Amino acid sequence: MRRREFITLLGGAAAWPLAASAQQPAKPVVGILHYASPDTLAHLAWAVREGLQEAGYVEGQNVAIEYRWAHGSYDQLAALAADLVRRQVTVIVPAATSPLWL
């Protein structure tokens, strides 16, 4: 084997792990949007995580969850939803225990 072929082979082998990791799909992100605060609705966050786990998704392993809480301020919901859209989450779950009038 000539020197040039050896260097080409070595360079290709060194770049292989980088190419393989670059092609892995991104972890899906679930956006949770609610008008209340997390301390009053901890059961909601738990239920979402349980449902995802039943479907094979575990937070921190193969799915990420972004929570947005309006803390009772309905006028913040649009901005919080826009933030989730800007972050390009996979899906937004508009969790509500009463009708929302935006």
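Just so we're clear, the structure is a prediction, and the values are computed from it rather than from any experiment.
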Find the distance between CD (Q76) and CG (D83) and round it off to the nearest 0.5 Å. 11.5 Å
Between I65 and L52 the two heavy atoms that sit nearest each other are CD1-CD1, 3.7 Å
Determine the minimum heavy-atom distance between Y57 and P28, stating which atoms define it. CE2-CG, 4.2 Å
At what distance, to the nearest 0.5 angstrom, does CG of L33 lie from CG of L80? 6.0 Å
Testing the basics here: between H71 and P38, what is the closest heavy-atom pair and its distance to 0.1 Å? CE1-CD, 3.6 Å
Any residue meeting side chain to side chain donor-acceptor pair (under 3.5 Å) with S73, in chain and number order, not counting sequence neighbours: D75
From L77 CG over to H34 NE2, what is the distance, rounded to the nearest 0.5 angstrom? 9.5 Å
Check the angle between the aromatic planes of Y35 and Y74 and answer parallel, tilted or perpendicular using the 30° and 60° thresholds. parallel
With sequence neighbours excluded, residues passing side chain to side chain donor-acceptor pair (under 3.5 Å) with E66: R68
Is it true that, when you exclude E50 itself, more than 12 heavy atoms of the residues, nucleotides or ligands shown sit nearer than 6.0 Å to its CD? yes
Taken in chain and number order and not counting sequence neighbours, the residues that satisfy side-chain contact (heavy atoms from CB on, under 4.5 Å) with A45 are R49, Y67
Sidechain-backbone polar pair: T90 side chain, V29 backbone, donor-acceptor under 3.5 Å: yes
Here's a test for you: under side chain to side chain contact (heavy atoms under 4.5 Å, CB included), which of V89, V91, L84, I92 qualifies with V30? V91
